Trainee: 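Dropping the structure in here first, questions after.
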Amino acid sequence: MTNQMIKNNLTADCESCFGLCCVALPYAKSADFPVDKDIGSPCRNLQEDFRCGIHKQLRKKGYKGCTVYECFGAGQKVSQITYNGLDWRKQPDKAKEMFDVFPIMQQLHEMLCYLKEAQTLEEAIPLQLKLQDIYVKIEQLTYLEAADILTLDIPAYRVVVNELLLQTSELVRSNVRSTKKTNGKNLLGAKLRRADLKGSDFRGALLIAADLREADLRVCDFIGADMRDANLSGANLEGSFFLTQAQINSSKGNDETKLPYTLKRPKHW
Ligand code: SF4
């Protein structure tokens, strides 16, 4: 991938990254990981070439958490743009700084990803100028020097972005009618099979292990929803937005599940 492509890419390109998520981030022994790992220590499965040694067996080996992580292209941006292609093994004196920059870049890229999607939604046309304006500002931050990235007030940017995304969501969902439309946040294990939930607001909702089989989930806002093991078999999610591949990867589904056209059907479904 060329640097120009890396600059514009908001999805992970592991080939252009120095395995940053596998080093910089910690994980804890749980249903998602079989062992503990500290911040800044390389995962035992990370190879010398920065590839994962068990990539095709992650779920089988107990590393389910790796299959649901999304860096939104931050890994290759930090590796190839912020640090000009010099990896943490070749410049160990920069390693800690690089690992600190990575999660900040991940948050910037996540915001860019949602803002970019918001600009594609027809109903959000009245917000286009504001969405473009903040997109450009956030994108500029991703090209700062590492030392400047470390000083960014990310929560303050999140407040501004979040307000615009909320307004976008309202515009997109306001005219959608359905019998069970909800903005419920605690839907852990909820029995919602075949429910007509069109236009619902699932922002930050706990949908863990919810039964959503054959549910109508069109035009719903899924930003930040925890969808681990939610059953989407036969459900229709077409037109839903702020839904990421990582969220879909963490859920269950089947060949009958209808997804927004930007998302891929996970191999484990
Ligand atoms: S198991 Fe593979 S993908 Fe997961 S952290 Fe380790 S090297 Fe990275």
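Not measured: the values here are computed from a predicted model. Just follow the structure's listing: the first ligand is 1, and inside any ligand the first atom is 1.
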Trainee: Are the side chain of Arg173 and the backbone of Gly199 linked by a donor-acceptor contact shorter than 3.5 Å?
Mentor: yes
Trainee: Check the surroundings of atom NE2 in His55: do more than 12 heavy atoms from other residues, nucleotides or ligands lie under 6.0 Å from it?
Mentor: no
Trainee: Compute both the distance and the angle, then confirm whether Lys77 meets the cation-pi test with Tyr143: under 6.0 Å from the six-membered ring centre, within 45 degrees of the axis.
Mentor: yes
Trainee: Return all protein N, O or S atoms below 2.8 Å from atom 6 (Fe) of ligand 1, chain by chain in residue order.
Mentor: Cys43 SG
Trainee: Can you find a non-hydrogen atom of Leu25 under 4.0 Å from ligand 1?
Mentor: no
Trainee: According to the interplanar angle, ranging from 0 to 90°, do the rings of Phe33 and Tyr63 count as parallel (below 30°), tilted (30 to 60°) or perpendicular (above 60°)?
Mentor: perpendicular
Trainee: Is the closest side-chain donor-acceptor distance between Asp32 and Ser30 under 3.5 Å?
Mentor: no
Trainee: Less than 6.0 Å separating the ring centroids of Trp88 and Phe99?
Mentor: yes
